[in-house]
Amino acid sequence: MSGEEGAERAGPGRPEPEDHVAARIKLEREARGWSTVKLAEEMAAAGHPINQSAIWRIESGKPRRRVNLDEALGFCKVFDLTMQDLTGPPGELATPRIRQLVREYGQMTVEYRQLRAAIDRNQMHLHEIRMEIDSYADKGPEQRGQVDELLRLEERAASRALHPSRAHLRNQGQPPAGG
């Protein structure tokens, strides 16, 4: 296709979704604080190379440059959008900041669930350990005393590890020096 043909196809009779794509690309790029050069780099890294001047012509050219399917897929990948989001009116989706927050919320929710599962596994293991310790301690008063003393020592060590700047915790239960 010649440049004139492309310009003619991108003229006034162009489909509305193409204008949406151009507006969305500019909106998403600016929301991230990216230059057209940075966007071109991101597109190349995603396997959909396009040069900076082509991006400028898509966003601002008179007439605007059309986006081919490979480029559209690349923009979707780079901006984490669906094709429907890319081609729909930019005002129909929440602001870029809200979309960013929603993505962050989703990622943090996954992280939270993973941490929650780790905590649950840890609690189960602690329960199993405690049952075994109690089983030993139930054998008699001497074993109970040993377990209680070991637990006190571990609690002090844990306190020191969590609060190393609190020297008074290190001396807890010991008479003052020189006294």
Side-chain angles (χ1 to χ4, degrees), residues 1-129 154 157-166:
M1 163 179 9
S2 73
E4 292 162 2
E5 245 177 65
E8 183 180 303
R9 287 184 48 206
R14 80 191 265 156
E16 192 175 23
E18 288 188 19
D19 289 328
H20 297 325
V21 169
R24 172 70 70 202
I25 291 168
K26 186 172 185 173
L27 180 106
E28 295 292 336
R29 180 182 60 76
E30 289 176 345
R32 289 163 177 77
W34 293 353
S35 66
T36 53
V37 172
K38 171 70 172 161
L39 177 53
E41 291 169 357
E42 293 293 324
M43 289 286 286
H48 300 272
I50 183 172
N51 65 43
Q52 171 270 331
S53 63
I55 293 170
W56 183 88
R57 286 192 319 272
I58 290 167
E59 292 180 358
S60 307
K62 300 287 183 211
R64 288 184 171 160
R65 179 186 173 282
R66 299 185 88 162
V67 175
N68 68 39
L69 182 57
D70 182 65
E71 293 164 345
L73 293 171
F75 288 123
C76 287
K77 189 184 294 184
V78 166
F79 294 137
D80 192 26
L81 297 171
T82 66
M83 188 63 74
Q84 183 177 357
D85 292 342
L86 182 67
T87 59
E92 284 188 5
L93 290 179
T95 66
R97 173 69 178 149
I98 296 301
R99 287 197 321 280
Q100 175 190 359
L101 289 172
V102 167
R103 276 193 298 273
E104 188 176 334
Y105 180 85
Q107 291 166 347
M108 290 185 79
T109 298
V110 168
E111 245 179 79
Y112 171 80
R113 288 179 182 148
Q114 291 168 341
L115 290 170
R116 183 78 242 166
I119 289 169
D120 291 345
R121 285 190 302 274
N122 184 282
Q123 284 179 323
M124 296 256 317
H125 190 65
L126 282 172
H127 179 71
E128 292 166 1
I129 290 170
E154 283 301 316
S159 270
R160 283 193 302 271
L162 289 173
H163 306 289
S165 64
R166 294 185 181 176

Which residues satisfy the side-chain hydrogen bond (donor to acceptor under 3.5 Å, both in side chains) test with [X], sequence neighbours excluded?
X	result
Thr82	Asp85
Gln84	none
Thr36	Gln52

Who passes side chain to side chain contact (heavy atoms under 4.5 Å, CB included) against Asp70, sequence neighbours left out?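 Only His48, Asn68 meet the side chain to side chain contact (heavy atoms under 4.5 Å, CB included) criterion with Asp70.
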
Trace of the side chain to side chain contact (heavy atoms under 4.5 Å, CB included) decision for Thr109 with Tyr105: CA-CA 6 Å; Thr109 298; Tyr105 180 85; 3.6 Å; yes

Please tabulate, one pair per line, all N/O donor-acceptor pairs under 3.5 Å involving side-chain atoms of residues 119-129, not counting sequence neighbours.
| residue | atom | partner | partner atom | Å |
| --- | --- | --- | --- | --- |
| Asp120 | OD1 | Arg116 | NE | 3.4 |
| Asp120 | OD1 | Arg116 | NH2 | 3.0 |

If you look only at pairs with a residue in residues 37-53, which of them pass as a salt bridge (charged side-chain N to carboxylate O under 4.0 Å, His left out), with sequence neighbours excluded?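 Checked against salt bridge (charged side-chain N to carboxylate O under 4.0 Å, His left out) - neighbours excluded - the pairs reaching residues 37-53 are Lys38-Glu42.
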
Would a 4.5 Å heavy-atom cut-off, applied to side chains only, mark Val67 and Ile25 as touching?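 Yes. Closest side-chain heavy atoms under 4.5 Å.
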
With side chain to side chain contact (heavy atoms under 4.5 Å, CB included) as the criterion, how do Arg64 and Asp19 come out once you've worked through the C-alpha distance, each side chain's angles and the decisive distance to 0.1 Å? CA-CA 8 Å; Arg64 288 184 171 160; Asp19 289 328; 3.8 Å; yes

Spacing of CZ belonging to Arg24 relative to CZ belonging to Phe79, to within rounding of 0.5 Å: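 Output value for this atom pair is 10.0 Å.
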
Using 0.5 Å steps for rounding, measure from the CG atom of Leu27 to the NE2 atom of His20.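 Nearest 0.5 Å value for the CG-NE2 distance: 13.0 Å.
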
Distance-minimising heavy-atom pair for Arg65 and Glu71: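 Residues Arg65 and Glu71, closest heavy atoms: NH2-OE2, 2.7 Å.
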
For Lys77, give me all partners under salt bridge (charged side-chain N to carboxylate O under 4.0 Å, His left out), at least two apart in sequence or on another chain.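 With sequence neighbours excluded, Lys77 shows a salt bridge (charged side-chain N to carboxylate O under 4.0 Å, His left out) to no residue whatsoever.
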
Please list, one pair per line, the donor and acceptor atoms closer than 3.5 Å that link side chains of residues 53-63 to other protein atoms, with sequence neighbours excluded.
| residue | atom | partner | partner atom | Å |
| --- | --- | --- | --- | --- |
| Ser53 | OG | Asn51 | OD1 | 2.8 |
| Ser53 | OG | Arg57 | NH1 | 3.4 |
| Glu59 | OE1 | Arg29 | NE | 3.3 |
| Glu59 | OE1 | Arg29 | NH2 | 2.8 |
| Glu59 | OE2 | Arg29 | NE | 2.8 |

